[in-house]
Amino acid sequence: MTIIFYDIPSTVPGIAWSPNTWKVRYCLNFKGIPYKTEWVEYPDIAAHCKKLGIAPTRTNRDGSPYYSLPAIHDPSTGVYMADSIPIAEYLEKQYPNTPSVFPHNTLGLQMEFENAFDSKMGAMWNFVIPAACSRLNPVSEEFYRRTREKSYGKKIEDIAPKGEDAVTEWAKVEHGLGEIARWYSKNGGNGPFLMGETLSWADFVVGGHMVWFRNILGTDSREWTDIVSWQGGIWKTFCESLAPYEAVD
């Protein structure tokens, strides 16, 4: 049976952009599990999850439940669930005859890789988060703008670095990706992925963010041109290697 995969739409039909939902989309494509995308606008996520009985993924600062995507419904088991790692764990157990995204029992290590990746990429968020507004449908754009402005305490147009500050912050992005490229260089030189020729969850984490950068900033942007040229073109090769798993079904 076909899994229902819940994702957030963009202004371009069929273009997925969220780095978090991309992790699960990569996983489904890599495993070859049939699925169909159902698009849910930002302000509808909480009500949609409540209606389907999908549990919140965390708690807001005020103690209220926080609902987020990705989420799936597997008609073969009746399961509804959200959050990328739990979904990946479920798919590993429920579909054991598909390629593993946590090879050699590396789930714990893969989870820590994700934390380490985020710690190196903090400077990037201020470039891409404001730019995302223009890629969202009006109803989601309003929600996204309001919630991000509340979180940052400033207008979304004021989040992106400007002038010399932008130069300094962009250099931090290059340095962060350089650190991650160094991790990848320890794979034995036998492939483009963290584990060489073996795809794993860590690559979906990096790949999801690369798709986010590419689809939000634009393939012709100076920022994306920089990213695919840095570190000897490692990220260009990496993205090309993940392209076979980027179908949006």
Side-chain angles (χ1 to χ4, degrees), residues 1-9 14-40 48-49 52-55 57 68-118 180 183-184 186-212 214-215 235 237-249:
M1 300 181 74
T2 301
I3 284 178
I4 307 301
F5 175 57
Y6 302 104
D7 199 351
I8 306 164
I15 295 297
W17 63 275
S18 166
N20 289 321
T21 61
W22 259 108
K23 289 180 285 188
V24 172
R25 187 180 295 280
Y26 273 130
C27 186
L28 289 164
N29 287 333
F30 176 58
K31 287 179 170 292
I33 300 171
Y35 71 95
K36 176 184 178 182
T37 304
E38 288 193 8
W39 304 99
V40 184
H48 189 76
C49 288
L52 298 178
I54 298 174
T57 51
S68 65
L69 300 182
I72 65 166
H73 168 49
D74 188 347
S76 67
T77 60
V79 163
Y80 287 90
M81 63 186 307
D83 210 356
S84 54
I85 285 284
I87 291 172
E89 288 185 273
Y90 167 82
L91 295 175
E92 290 276 283
K93 293 175 182 176
Q94 189 62 32
Y95 299 91
N97 296 323
T98 62
S100 175
V101 299
F102 306 120
H104 310 296
N105 299 311
T106 54
L107 172 57
L109 292 174
Q110 304 268 353
M111 292 172 68
E112 284 308 304
F113 174 90
E114 188 162 358
N115 291 332
F117 175 86
D118 286 345
I180 296 161
W183 302 341
Y184 270 73
K186 305 300 183 181
N187 68 359
N190 295 317
F193 306 122
L194 187 66
M195 300 178 69
E197 296 179 349
T198 302
L199 257 175
S200 68
W201 183 256
D203 301 305
F204 299 156
V205 170
V206 178
H209 284 81
M210 288 295 173
V211 171
W212 186 34
R214 183 183 70 207
N215 287 352
W235 303 120
T237 300
F238 174 82
C239 291
E240 290 171 350
S241 300
L242 272 182
Y245 308 103
E246 292 181 358
V248 177
D249 293 335

So do [Y] and [X] actually touch side chain to side chain, heavy atoms under 4.5 Å?
X	Y	answer
C27	L91	yes
L194	V206	no
R25	T37	yes
S68	D83	no
F193	S241	yes
L107	W201	no
T21	Y6	no
D7	F5	yes

[atom2] on [Y] to [atom1] on [X], rounded to 0.5 Å:
X	Y	atom1	atom2	result
M195	D203	CE	CG	9.0 Å
R214	W235	CZ	CH2	14.5 Å
L242	Y26	CG	OH	4.5 Å
E38	I4	CD	CD1	5.0 Å
K23	H209	NZ	NE2	6.5 Å
L52	I72	CG	CD1	12.0 Å

For [X] versus [Y], what's the shortest heavy-atom pair and its separation?
X	Y	result
S100	K31	CA-NZ, 4.1 Å
P75	I3	CD-CA, 4.1 Å
A82	I54	CB-CG2, 3.5 Å
F238	P192	CD1-O, 3.6 Å
Y245	W22	O-CZ3, 4.1 Å
N29	A247	ND2-O, 2.9 Å

The criterion is side chain to side chain donor-acceptor pair (under 3.5 Å); which residues satisfy it with D74, sequence neighbours excluded?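 Partners of D74 under the side chain to side chain donor-acceptor pair (under 3.5 Å) test: S76, Y90, Y95.
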Yes or no on side-chain contact (heavy atoms from CB on, under 4.5 Å) for H104 and T198, after CA distance, side-chain angles and deciding distance? CA-CA 11 Å; H104 310 296; T198 302; 5.8 Å; no
Verify, without hydrogens or angle tests, whether W17 (side chain) and I8 (backbone) share a donor-acceptor contact under 3.5 angstrom.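 Judged by distance alone, yes, a pair lies under 3.5 Å.
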Can you classify the ring geometry of H73 versus Y80 as parallel (below 30°), tilted (30 to 60°) or perpendicular (above 60°)?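 Judged by the thresholds at 30° and 60°, the geometry between H73 and Y80 is parallel.
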N115 atom CG, over 12 foreign heavy atoms within 6.0 Å: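 Enclosed: over 12 neighbouring heavy atoms sit under 6.0 Å from CG of N115.
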Any chance CE of M81 has more than 12 other-residue heavy atoms, nucleotides or ligands included, within less than 6.0 Å?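 Correct, the count exceeds 12.
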